[in-house]
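As structure tokens, the structure follows; a few thoughts come after it.
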Amino acid sequence: VLDRYGLAPGGYLLCLATLEPRKNLERLITAFESLPAALRARYPLVLAGAGGWRNAETRSRIDRLEARGDLRYLGYVAAEDRAPLYVGAHGFVYPALYEGFGLPPLEAMACGTPVMTSTRAAMPEVAGDAALSADPEDTEAMTASLQRLCEDEPLRERLAQAGPTRAAGFTWRC
């Protein structure tokens, strides 16, 4: 799957989200652009998700970053491709402003991928202490969390171990 998308194992940060305002991708892109150039080159941002709505400015920024080589936009990704993308990522980021539940961070945690998510909506209850979090309206805090996600190996190991345990606490049963 990674070969098909032209991705190297452990060589990217993944965000799986529809391109729409509530997913907060504009601020994620701003935070990502604030990372040191070496980190952006080592771990480009990979966005996967359907087109959504009210995303013309976001698409324009995505196109600019893709042209520079800092970002890849995969578009909609079939369900069977998602787990390999999670597993192959150096980290998963999900800075949503509004979210009903937040399945993508939980899926990434189940795969043992370190996660950085939002302090809003259901994200704190979903992620617990098994993910790094940041205020989704504070791009400096998001940049700092992204940098920790990339560089703090003890933290990454702790999150990778805690994620599957946290995810196992959720089921589809009523």
Indicate if Leu16 and Leu74 have the same hydrophobic cluster label, given that clusters are the connected sets of ILVMFWY residues with side-chain heavy-atom separations under 4.5 angstrom.
yes
Looking at Asp138 and Arg27, does any basic side-chain N land under 4.0 Å from a carboxylate oxygen?
no
Are Arg64 and Asp70 within salt-bridge range, i.e. N to O under 4.0 Å?
no
Looking at every heavy atom in both Pro84 and Leu2, which two are closest together, and how far apart are they?
O-CD2, 3.8 Å
Going by atom types alone, do Tyr73 and Glu66 pair a side-chain donor with an acceptor below 3.5 Å?
no
Salt-bridge present (Glu151, Arg42; N to O < 4.0 Å):
no
Pro95 versus Pro136, closest heavy-atom pair with distance
O-CB, 3.4 Å
What I want to find out is whether Arg120 reaches Glu137 closely enough, with some N-O distance under 4.0 Å, to be called a salt bridge.
yes
Between Lys23 and Glu20, is there a salt bridge with N-O shorter than 4.0 Å?
no
Answer whether the closest heavy-atom distance between the side chains of Ile62 and Leu25 falls below 4.5 Å.
no
Would you say Phe101 has more than 12 foreign heavy atoms packed within less than 6.0 Å of its CZ?
yes
Applying salt bridge (Lys or Arg N to Asp or Glu O under 4.0 Å) to Glu99 and Arg22, what does each step give before you reach the verdict?
CA-CA 8 Å; Glu99 197 64 41; Arg22 72 185 179 96; 3.5 Å; yes
What I want to check is whether the side chains of Asn24 and Tyr94 have a donor and an acceptor closer together than 3.5 Å.
no
Regarding Asp63 and Arg59, does a basic nitrogen lie under 4.0 Å from an acidic carboxylate oxygen?
yes
Would a 4.5 Å heavy-atom cut-off, applied to side chains only, mark Pro104 and Tyr86 as touching?
yes
